[in-house]
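Data first, discussion second: the structure below is written as structure tokens.
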Amino acid sequence: MPSNDARNLLQIAVPAAAAGAIAVAVSAAVAGGKGALGAAVGTVLAILFMGIGLYVLQWTAKTLPQLFQAMGLMLYMAQLLLLFIFVAVFKGTSLFNGKAFAVGIVVTTVAWMAAQARAHLKAKIFYIDPDSAKSDKPEKTGPSS
């Protein structure tokens with residue numbers, strides 16, 4: 001992963017993990033150990049899904065830029081579907097608190113998206129290629145003296 005991508009991931013994952021840690025602490029205070037476990041599982045799951053999604057999008061942008069937008073839409077739908085499946089499978093579990101699990105997922109996902117938007121706004125991304133401007137100088141087309 002290039003250093004810019006790693007820096008971008010760090011700017012996104014750290015605030016999301018911090019928000020998840022706050023969700024775990026609040027869930028532990030409200031619902032005890034099962035609440036803390038539920039929020040921790042939700043936090044880890046959200047960071048894992050969103051991190052894999054970011055990696056796939058960055059790979060798509062570099063290798064298949066014409067598919068970037070479609071891949072982004074498909075990826076977010078797939079992430080949402082996988083989260084719904086995971087919640088449905090563990091709906092009646094007594095292993096952890098389901099409400100704390102949902103809070104962990106939601107808080108971490110919202111923090112991830114906010115941090116991703118902030119990182120994108122702060123990034124200095126060229127919308128033109130400065131090297132191509134030097135090599136594609138138009139020829140003079142005027143009257144020659």
Side-chain angles (χ1 to χ4, degrees), residues 1-140:
M1 184 181 291
S3 65
N4 189 29
D5 294 344
R7 185 172 39 249
N8 192 16
L9 181 63
L10 188 65
Q11 290 175 352
I12 296 168
V14 169
I22 292 170
V24 169
V26 170
S27 296
V30 172
K34 287 192 177 197
L37 181 61
V41 169
T43 298
V44 168
L45 191 66
I47 289 175
L48 182 69
F49 279 9
M50 299 303 254
I52 290 170
L54 181 65
Y55 176 76
V56 168
L57 278 179
Q58 288 175 344
W59 177 83
T60 302
K62 289 180 180 126
T63 58
L64 304 165
Q66 68 276 15
L67 295 178
F68 181 70
Q69 185 176 12
M71 186 63 141
L73 292 171
M74 191 277 308
L75 184 69
Y76 287 125
M77 290 302 296
Q79 286 174 334
L80 188 61
L81 181 63
L82 285 172
L83 283 175
F84 280 145
I85 290 171
F86 194 89
V87 169
V89 167
F90 287 98
K91 184 178 183 180
T93 187
S94 60
L95 182 62
F96 51 77
N97 186 322
K99 289 182 182 178
F101 171 70
V103 166
I105 286 177
V106 169
V107 166
T108 306
T109 301
V110 168
W112 182 282
M113 292 175 142
Q116 191 172 14
R118 183 182 183 277
H120 181 71
L121 288 173
K122 293 281 187 176
K124 297 190 175 11
I125 300 171
F126 290 118
Y127 56 92
I128 57 169
D129 188 10
D131 292 334
S132 69
K134 293 176 187 172
S135 63
D136 293 340
K137 290 182 182 175
E139 295 179 13
K140 272 191 166 179

**Study point:** Nearest heavy atoms of Gly104 and Ala23, plus distance in Å
**Key:** CA-CB, 4.3 Å
Check your understanding: When rounded to the nearest 0.5 angstrom, what distance separates CE in Met50 from CG in Leu45?
Key -> 11.0 Å
Exercise for review: Taking side chain to side chain contact (heavy atoms under 4.5 Å, CB included) as the test, write out the residues that go with Ala31, two or more places apart.
Suggested key: Asn97
Review point. Would Leu80 and Tyr76 satisfy side chain to side chain contact (heavy atoms under 4.5 Å, CB included), going step by step from the backbone distance to the final call?
Key: CA-CA 6 Å; Leu80 188 61; Tyr76 287 125; over 6 Å; no
Review point. Atom CZ of Phe68 and atom CG of Leu75: how far apart are they, to the nearest 0.5 Å?
Key: 10.0 Å
Practice item. For residues Gln58 and Asn8, determine if any side-chain heavy atom of one lies less than 4.5 Å from a side-chain heavy atom of the other. Key: yes
Practice item. Only pairs at least two apart or in different chains count here, so list each side-chain hydrogen bond (donor to acceptor under 3.5 Å, both in side chains) that has a residue in residues 24-40. Key: none
Practice item. Please report the closest heavy-atom contact between Ala119 and Ile12, naming both atoms and the distance. Key: CB-CG1, 4.2 Å
Study note, to complete from the structure: dist Gln79:CD -> Met74:CE (nearest 0.5 Å) comes out at 9.5 Å
Review point. Who are the ring pair (Phe, Tyr, Trp, His ring centres under 6.0 Å) partners of Phe86, not counting sequence neighbours?
Key: Phe90, Phe101
**Study point:** Pro65 to Ala61 - nearest heavy-atom pair and separation
**Key:** CB-O, 3.6 Å
Point to revise | Met71 and Leu64, any side-chain heavy atoms less than 4.5 Å apart | key: no
Practice item. Please name the pair of heavy atoms, one in Thr43 and one in Val24, separated by the smallest distance, quoted to 0.1 Å. Key: OG1-CG2, 4.3 Å
Review point. Taking C-beta and beyond as the side chain, do Phe49 and Thr108 meet within less than 4.5 Å on heavy atoms?
Key: no
Revision key, fill the gap. Rounded to the nearest 0.5 Å, the CE atom of Met77 sits from the CG atom of Leu82 at a distance of 11.0 Å
**Study point:** Intermediate values then yes/no, side chain to side chain contact (heavy atoms under 4.5 Å, CB included), Leu83 and Ile105
**Key:** CA-CA 9 Å; Leu83 283 175; Ile105 286 177; 4.1 Å; yes
Check your understanding: Would one find more than 12 heavy atoms of other residues, nucleotides or ligands at under 6.0 Å from atom CD of Gln66?
Key -> yes
